[in-house]
Amino acid sequence: MRHFTSVKQLGNLGDAFAKAFAVKRQPFADQALGRNKTLLMIFFNNSLRTRLSTQKAAMNLGMNVIVLDVNQGAWKLETERGVIMDGDKSEHLLEAIPVMGSYCDVIGVRSFARFESKEADYGEEILNQFIKYSGKPVFSMEAATRHPLQTFADMITIEEYKKTAKPKIVMTWAPHPKALPQAVPNSFAEGINMTDYEFVITHPHGYELAPEFVGNARVEYDQDKALRGADFVYAKNWAAYADPDYGKVLNMDRSWTVTAEKMALTNNAYFMHCLPVRRNMIVSDDVIESPQSIVIPEAANRVVSAQTILKEILLGL
Ligand code: CP
């Protein structure tokens with residue numbers, strides 16, 4: 001594997017899960033693989049899970065790790081070409097990227113959608129510049145349109161907890177006070193569409209995701225109807241995708257919060273969320289604290305997903 005930007009690059013899911021569970025069983029089996037290899041993790045946005053789990057994964061593989069928070073301590077970076085740099089940005093990404101590439105063997109990049117231009121966001125301008133100019137393998141630690149390491153961890157978790165071969169998975173929009181990217185729901189939809197599970201996406205009118213991510217999922221605007229019989233409830237907020245409302249919060253309808261009453265409609269479903277989560281906006285305290293909540297093992301599997309992908313990248317060096 002050279003670059004990893006989408007769960008579609010996992011290929012055969014059975015093989016991908018087998019590799020992940022081998023990593024989970026024996027996390028230190030490949031310590032020699034990363035010896036004298038350096039991972040550079042570059043964050044344009046905040047992170048808790050991605051930062052810690054990817055660093056842990058790299059250390060399990062024997063790698064050295066450098067972390068750069070672009071917005072704290074580095075020169076402010078210009079990302080647009082053709083700009084007269086007479087403002088507060090001292091360095092252009094087009095010099096910074098190859099310099100960063102010269103210090104490492106593998107690069108992880110976190111760069112959220114900015115909601116300034118759908119074209120720029122959905123063109124993955126930042127991530128693609130790293131791929132084009134760093135000269136090194138690049139993997140996404142959440143980009144504008146996808147969060148593949150999260151989705152792989154979600155899918156590993158579902159594989160561990162599912163009680164039937166074809167569980168019903170419901171991804172539900174839930175309210176949030178800020179505009180959040182579509183990367184997690186897009187990516188989750190992309191991943192679940194690679195399975196033969198029953199898949200329903202539910203959200204209020206106006207929050208339709210891009211059709212290429214919705215794929216074969218059934219879209220249901222009645223959340224209660226969608227939740228009936230669910231085996232897994234995957235909650236997430238996202239801002240509007242469709243024009244002219246791209247990147248906007250259209251409402252904060254708290255009747256969409258995942259509560260115990262909502263979960264009672266399901267087939268004793270497991271509750272999932274990528275975290276961080278705003279309690280009593282996205283999900284009630286009692287649901288996230290219930291035995292059916294698997295958000296902690298889901299987050300723990302971020303090490304497994306990152307290590308499985310990093311191992312594949314190292315094997316391809
Ligand atoms: N789920 C996730 O990516 O968490 P962080 O933003 O904390 O990395």
Side-chain angles (χ1 to χ4, degrees), residues 4-7 10 20 39-60 65-72 106-115 121 124 126-127 130 138-158 160-161 169 171-174 176-192 209 213 232-239 258 270-279 281-283 287-288 293-310:
F4 181 69
T5 60
S6 158
V7 281
L10 292 173
L39 168 66
L40 174 57
M41 297 163 64
I42 300 161
F43 288 90
F44 288 83
N45 311 96
N46 295 339
S47 168
L48 186 152
R49 276 143 292 274
T50 305
R51 174 185 300 248
L52 298 180
S53 63
T54 311
Q55 185 161 357
K56 170 75 173 149
M59 292 190 303
N60 286 354
V65 182
I66 306 171
V67 182
L68 178 68
D69 284 299
V70 170
N71 297 319
Q72 288 170 19
V106 182
I107 302 182
V109 181
R110 165 162 286 200
S111 173
F112 287 172
R114 298 176 179 186
F115 290 144
D121 289 343
E124 291 288 8
I126 302 287
L127 187 66
F130 274 92
V138 173
F139 65 95
S140 166
M141 299 195 299
E142 185 169 352
T145 60
R146 293 175 176 87
H147 195 353
L149 290 179
Q150 179 65 52
T151 301
F152 189 23
D154 297 335
M155 294 172 78
I156 292 165
T157 309
I158 290 170
E160 289 178 317
Y161 281 83
I169 316 281
M171 180 169 77
T172 180
W173 179 94
H176 192 281
K178 291 184 175 172
L180 297 186
Q182 293 104 21
V184 169
N186 282 348
S187 201
F188 186 75
E190 191 165 61
I192 301 303
L209 294 167
F213 292 105
F232 292 87
V233 174
Y234 193 93
K236 187 72 185 81
N237 173 269
W238 61 88
V258 179
Y270 289 110
F271 174 81
M272 299 180 73
H273 189 279
C274 63
L275 304 179
V277 70
R278 292 200 182 220
R279 284 177 175 225
M281 288 294 293
I282 300 277
V283 58
V287 169
I288 198 164
S293 169
I294 53 173
V295 296
I296 305 304
E298 179 185 1
N301 276 333
R302 290 293 305 276
V303 178
V304 181
S305 68
Q307 190 169 336
T308 306
I309 297 304
L310 266 175

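Ligands are counted one by one from 1 in listed order, and the atoms in each one are counted from 1 as well. Just so you know, these numbers use all the heavy atoms, side chains as well, and skip hydrogens, waters and symmetry mates.
- Of the possible donor and acceptor atoms, one in the side chain of Ser305 sits under 3.5 Å from a partner among the backbone N and O of Leu149.
- Atom-to-atom distance recorded for Met272:CE and Phe188:CZ is 6.0 Å, nearest 0.5 angstrom.
- Between Glu142 and Asn45, the side chains place no donor N or O within less than 3.5 Å of an acceptor N or O (distance only, hydrogens not considered).
- A donor-acceptor contact shorter than 3.5 Å is absent between the side chain of Arg302 and the backbone of Thr54.
- More than 12 heavy atoms of other shown residues, nucleotides or ligands fall within 6.0 angstrom of atom CG in Asn71.
- Partners of Arg278 under the salt bridge (charged side-chain N to carboxylate O under 4.0 Å, His left out) rule, at least two apart in sequence or in another chain, do not exist in this structure.
- When heavy-atom distances to ligand 1 are checked against 4.0 Å, the residues falling inside are Ser47, Leu48, Arg49, Thr50, Arg110, His147, Gln150, Cys274, Leu275, Arg302, ordered by chain and number.
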